[in-house]
Structures are given as C-alpha cells and as structure tokens.
Number of protein chains: 4
Amino acid sequence: MNPKITKRDIIINAAIRTFSRKGYYNSRISDIAEDAKISHGLVYHYFSSKEQILITIFRDSFEEVLEEMSRIDKKKGTALDKLKAVITYTFKVVEHNRDLYKVRIMDVPCIQKFYEPENQLLYNRYFARLADFIKEGQQKGLIIKKGAPLLISHIFHGSVDAVIRQFAYNKEFIYENMSLDLIISQTIDLVFSGFILDTDFHGN
Amino acid sequence: MNPKITKRDIIINAAIRTFSRKGYYNSRISDIAEDAKISHGLVYHYFSSKEQILITIFRDSFEEVLEEMSRIDKKKGTALDKLKAVITYTFKVVEHNRDLYKVRIMDVPCIQKFYEPENQLLYNRYFARLADFIKEGQQKGLIIKKGAPLLISHIFHGSVDAVIRQFAYNKEFIYENMSLDLIISQTIDLVFSGFILDTDFHGN
Amino acid sequence: MNPKITKRDIIINAAIRTFSRKGYYNSRISDIAEDAKISHGLVYHYFSSKEQILITIFRDSFEEVLEEMSRIDKKKGTALDKLKAVITYTFKVVEHNRDLYKVRIMDVPCIQKFYEPENQLLYNRYFARLADFIKEGQQKGLIIKKGAPLLISHIFHGSVDAVIRQFAYNKEFIYENMSLDLIISQTIDLVFSGFILDTDFHGN
Amino acid sequence: MNPKITKRDIIINAAIRTFSRKGYYNSRISDIAEDAKISHGLVYHYFSSKEQILITIFRDSFEEVLEEMSRIDKKKGTALDKLKAVITYTFKVVEHNRDLYKVRIMDVPCIQKFYEPENQLLYNRYFARLADFIKEGQQKGLIIKKGAPLLISHIFHGSVDAVIRQFAYNKEFIYENMSLDLIISQTIDLVFSGFILDTDFHGN
DNA sequence: AATGAATGAGGTTTCATTCAT
DNA sequence: GATGAATGAAACCTCATTCAT
C-alpha cells in the first residue's frame, strides 16, 4: 500500500464519495465507514463528528485552491493569464475529482459551521484573490475600470462555476459533443468578452 | 385577512422562512407549524410530507419564473432586451422575497426528488427558455454565433446568480455602497460584454 | 382508569421502579417505557431527558417531605414530638414506596445535576428544617445545648437513614424478627438517648 | 520512586481520584489511564475490567478497615473505647484520603457486583464486628441491653457516616468553624448519649 | 378542519475491550 | 510491559408521520 495514504485520507476520500452520491444529510457514518472498509467506530478515532469531516474536506480543499492561486500569481503573465489559469485549474480539478467539487458546492454550504467566521474568512480569501488579479488587470489597462473588482470576481466565479456544475452533474456532457478543451476555451472567451456583438458597448 | 391567502399558502410561506433560516434538514415540521401558528398535525392535511413542501415551493416558484419568461417573450424588444428583463426580474424577485431565492438555490438541490425527471424537466425548461432567447439573438446578429446557446445560457445564469447570492446572503451589501439599480446595470453590462478591454477579442 | 393518574405519573412510577431495580445508569429509557407500557419516544414527550426524570423524582419527593415537615411543625407538640413524627413519617413513606426511597438515596446523588445550586438548595432545606426543630428543643430545654444544631440534624438523619436502608434493601428484615413498630420505637429511643448507660455522660 | 508503589497501585489511586471526581459511570478507562499517565490499554494488564477496579478498591479498603478493627479489638480498653477508636479511625482515614471514602459510599453501591454474596459478606463483616463490640458492651453493663446489637451498629455507623459525608463533600466545613477534633468528640458524645436531656428516658 | 399524544425507525456517538505491534 | 488503532454493541434522543378525538 502507498505509505503516504493514511487512514485519515482513506476516510476523507470515502466521505467525499459518499457525500457526493447521497448528500451530507443522507449519508450515514456507517456508509462512509463501509466505503472506507473500516468499522464506523474508527471514524471517530480520526474525526470528532460527521460535521468535522465535511469541514475538513472544505478546508483542505480550499487551502489547496489558495496555494494554487499563489503559484499562479508567481508565474509571469498578465492578469488575464492568471484568470485563465484559474479557470483551467478549476476544470482540471473537477476532471480529476468531480465528487470533491460536488461536495464543495452542494454539501459544504448546507452546514452551519461553514458560516462561522473562521470558515467564511477562508472562503472569502478565494474571492479576495480573484479581486486582486482583477485590480491588477485594471491597473494594467487590461480590464475595464468601471466594474467593481469584487463584483467582477463574483461574475467571473459564477460563470465558471455554472459551466462546471454541468460538467460535474451530467455524465454525458451536454454541449453538443464539445471537447473539454473547447469548452474551457469557449468559457474563457465568453466570460472575458461577453457574448454580444456590439463592440461599442463598453464605449458608451 | 386577504381571502385569497389560503392556509396552504401560509404553510408554504412559513416553510420558506424556516428552510431559509435553518436549512431543509435542520427544519422540523413543528418549526414550520410554529411559524404558521398551527399545529404540526395540520401540515399533513395540506402536504403529504416534508419533502413535498419543498418540491411544491420549487415547482410553484419555477412555474412563475417560466410564466414571466413567456410574458417577457411576448413583449416587443430584441433578444438582448429579453435577457435584460430576465436579470431585472430576478433581482426584483429576490428583493421581494430573498428567503424564497435562498431555498431555491440551497435546499431544493439537496433532496433526491429534485433529480427525478419530472422536476429536472421543469428546471431545464428555464435554461431552454434562456437558450431560446440566445438563439434568437444569434439569428438576429446580436449575439456571437460561435458560443453554444446552452453554454451561454449557463454562463448567463451563473453570472447573475453569483451576484444575487451576494445580495441574498449579505445583509449589508458589499460592493462599495453601490445602489441596487447600479449593480443591476453593471451586472448586465459585465455579463453581456465581459470585462476585458481588447475589443478585438471576438474578432480572433 | 383513575383520571387523576396522568401519563406523566405513570412514567415517573415506571422510572422509580426501573431505577430502583437496575440503578440509574443501568436503566434504559426503553426499560422505563416498557414498564410504563408505552413507546420509548413518548417518554420524551413528557420529559426532556433521562436525567430530567430523575431530577423530577427527586424534586417532587423532596417537596412532599418539606410539606409534611411544615404540617408536622404546625401541629402542637414539643420539638421532640416533631422529630419523632419525622422518623415515623419517613418509615411510613418507605413502607409505602421503598423503591422511591432507594432511588433517592442511591441514584439521585450519582448525577451531576443534583449538585447544582438549585437542587442543593432544596436538599439542604430538609436539614435546615430539622435543625430548626432542634434549635426549638434547645431553647425549650429538651435538647442539649452544646451540640451544634446542624451537626445534630445530620446525626439524627444519618441514624434514621441507616436503619431505613436496611429496611429498604433487605427483604427479610434482619433485626431478630422485630416488628416495624418496635423498630421505629427502638430507633427513636436510641437516636434520642444514645445507647450507653452512664447517665452522667452529659453532665461531664 | 518508592519501590513499593507498584503500577497497580498507581492505577488504583488514579481510579479513586477519577471515580471520586466524576462518578463511576462518568469515568472512562482513558480518564483513569490519563491520570495514571499510562496508555489505556495497559490498564487491562492489571485489571480485567472497569468494574473489577472498583471492586478491588472496595475490597482492599474494607479489608484494611477490618484489620484495623482487629487491632482495636486487641488493644485493652472497654467496648466504648473500641467504638470511639472506630470513629476516630474513620475520621482519620477520611482526612487522609477523602476520595477513597467518597468512592466507597457513592460508587461502590452502584454496581451489581457489590450485591453479590462474596462482597456482601465482606461488607457485613464490618457491621458484625461493630455488633460484637456492642454485645461486649452490653455484657459489661456499658450499653443498654434492650437495643438489638445490629440495630445499634447501624445507628452507630449511620450517625458517624452522616457527619463524615459532610466532611467529605463540603470543602469548607460547615459546623460553625468547629475543629475536626471537636467535631469528633461531639459526634462521639452525641452518638453515645443521644441529645435529649431527660436522663430518665432509658429508665422507662 | 384541527389538535397533539403516540409511535418507532433510525441515526450519531460513546467507550469498554481486544490485539497486533 | 506498553501502546493505541480497531471493533462493535448499545444507548440516547430526534422527529416524520399517524390517528383518535
């Protein structure tokens, strides 16, 4: 067995699969234990409660996202390159572990603990990071100045998230047999430039 | 009392408030009954189960959305006018009943019944309607042709939804004291035209 | 059915029997429910927790004791008559419901809630009452003055309690076939006057 | 380290502290292990079960009491001297290790095993010993003859126990700032001679 | 229509005990 | 001797749902 995969990780992964399949509130600790091939009692050796498992999934996952954003920030490239990299990374993460993404968007927001300051702080750092990229783009003349950076970051995130939800929830992808790469590039295109043809729009 | 407000409506509204405040799985039938100022037993005269209440909320609400989209469609105006009207309508609905919006985005997707064909059909009709507007815009040369209409509809919805989530979940609105009307117009602007300045982008 | 016996009382009596037989921590809510011939869920309709049942037993019982002591106090008679009446009453209570007495002495002191101020206050009022009787006796020259009233009240209670414990826990009474009345009168005698023959003892 | 203090003793003492503080049923094996600064698994090298620890505490402690009573019996002195010595010894034991006394009176009687013949026999030997002293006093004309020795032994024990309970459970002693020695002597006085002033009482 | 007592399936969590290391 | 991961029985409590009144 891979010595790096601890039992804690096995439980986390079992929980991600279980939550993703049945939803947090319909998942029993015994379902997770069964998936992890351990007794349900052992789960409590590693986590203090079912809620704690979900919070751990959330925090681990978001810390990884933030680390990746730091890495992206350090690479050379324009603000737009960075935002593109965020989109590409997000798609790749979902491609690699769509259960995790489902849990993040469907289950995490359902529990009270997510709304406690400690976790909201972590969550908001993601948007703050996006807003930083956008501010940078505005200063460099790449992004329109009249949009509030945070508003843009929400629109940016919402656009990508909406597409990825389809990707995550529909086994057969629905956009007329488009390849994933094509979807990514079209998404980037649409999010960045919108979809209307009146190019004078911004000039008003 | 308004004779049109039936007890059934009272229960529905109590459920919307309760689900919004505590989440579906943390809401007790007795919580809803208490909010409606009736006994919990009476709830079962009007609804067969707790799940049925949530599904009713979902269906009623989405049918109303679809009716509004029909009304919008019938009015004269371009496809872009229609899409703008959808955004404006959505903001107004949330302004009027943000609890309902919260339930729709947070609680409805948590229950299995939502994923049954009957309800998915209703849900997808909303996106199909959006896609129709977009196709219309593409035919009229208002919207870029290379984006798949459904993909655009998801991006459109995701963008607006992301902004509205902030509106729904943050008591103090967060975008630098912008007025709701300004947010709506900026959102329309950004969703339609994107946020980058390179106007040749679409021309590539 | 006796209309005065409420379901709450049925549960309380079932709990007294169950706690008495198996001890608080070995008694299951389902044991109590079974004894009361109801479903275990119904227990929680009347009591918020297992602990609350025990506390209710304690409080109800002690309030009754204190009421009896008030009644005794109001009757005419010396302080010694009052103390005798307390002893007699206690024996009668145990004779009528020895399970209740067992629960009071064995189970009630085992739970944390008993040591909360609210309940200690109630418990101590019993000793305070006894001490009042003793003070009265001291003022009337019936009881020796050099003993601290509270100390005497504890010795008084401890003596009687020790005898009653035997009565409560030994099906076949153990004192050489003495009748209950004889035991009561001998107990009164011994507690009041001690058991040594040196009558000058108090004169030292 | 004192070579005579075995790990077994360390566990016993940890258990006494733990049971005393939290009660038997609220004490976890891991609490005891933590107090003893060992792993909880090791407890099972020395004791077969949690119950066995409590029974061991009971048996060790009572065997010591019985040994002391033998020593007292062997010393020269009247029956009253012996009874006084028992009282003094009991107070001294509590003064030295009040946790042990608490466990003996609160926790030991809560477990079923205590009521098995083997342990009841040991427990009753204490009262039998007391009754022997009392019989001896009766034969020597020091103690009234009409009281059943066992009844007197229970009253004797109950009196002393009641006072000691106060001593064990109230950090600040409650009897008007009396010294321990004064309490002991007053207790002896009151238990032996009672507290009423009518010295003809026994003559009736 | 309306109430709320009653049911009971079912879940989370605890923890004594075992045993491989 | 010593550790602590692992097991699994068992208990409290919740609450959707039913139904007599």
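Letters A, B, ... mirror the listed sequences (proteins, then strands); counts begin at 1.
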Using a 6.0 Å distance limit plus a 45 degree cone around the ring axis, check whether [X] lies over the aromatic ring of [Y].
| X | Y | answer |
| --- | --- | --- |
| C:R104 | C:F62 | yes |
| A:K102 | A:F19 | no |
| D:K50 | D:Y24 | yes |

What protein N or O atoms touch nucleotides 18-21 of chain E N or O atoms at under 3.5 angstrom, if any, and at what distances?
none

D:N26 and C:Y25: side chain donor to acceptor below 3.5 Å: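 Indeed, the side chains of D:N26 and C:Y25 share at least one donor-acceptor pair under 3.5 Å.
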
Flag if over 12 foreign heavy atoms under 6.0 Å of CD, A:E34: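 At most 12 heavy atoms, drawn from other residues, nucleotides or ligands, come within 6.0 Å of this atom.
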
Secondary structure string for DNA chain E (Watson-Crick or G-U under 3.5 angstrom, | for other-strand pairs): .||||||||||||||||||||

Between CD1 on residue C:I29 and CD1 on residue C:I53, distance to nearest 0.5 Å: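 The distance works out to 4.5 Å.
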
Distance, nearest 0.5 Å, that separates CD1 of B:I111 from CD of B:Q52: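 That separation rounds to 8.5 Å.
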
Comparing A:S49 and C:Y46 on DNA chain E - which has the more 5′ nearest nucleotide: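 This one resolves to C:Y46.
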
N-O pairing of C:R17 and C:D31 below 4.0 Å: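 Result for this pair is no, no salt bridge flagged.
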
Sidechain N-carboxylate O distance under 4.0 Å for D:R8, D:D60: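 The answer is yes: the pair qualifies as a salt bridge.
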
[N] [atom2] sits how many Å from [X] [atom1], rounded?
| X | N | atom1 | atom2 | value |
| --- | --- | --- | --- | --- |
| B:L42 | F:dT17 | CG | P | 15 Å |
| A:L54 | E:dT12 | CG | C1' | 15 Å |
| A:I11 | E:dT13 | CD1 | P | 14 Å |

Residue-level proximity of residues 18-38 of chain B to DNA chain F when a heavy atom falls under 4.0 Å: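 DNA chain F contact set from residues 18-38 of chain B: B:S27, B:R28, B:I29.
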
Beyond-backbone contact of A:L42 with A:H45, side-chain heavy atoms, under 4.5 angstrom: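 A side-chain contact under 4.5 Å exists here.
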
Sugar-phosphate, base or nothing in reach of A:F47, heavy atoms under 4.0 Å: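 The answer is nothing, as A:F47 stays clear of every strand by at least 4.0 Å.
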
Short side-chain N/O contact from A:K50 to OP1 or OP2 of E:dG11, under 4.0 Å: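 Negative; the distance criterion is not met.
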
First of D:K7 and A:K7 reached from the 5' end of DNA chain F, by closest nucleotide: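 Upstream on the strand: D:K7.
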
Closest non-hydrogen atom pair between C:I57 and C:A15, with its separation: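 That would be CD1-CB, 4.1 Å.
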
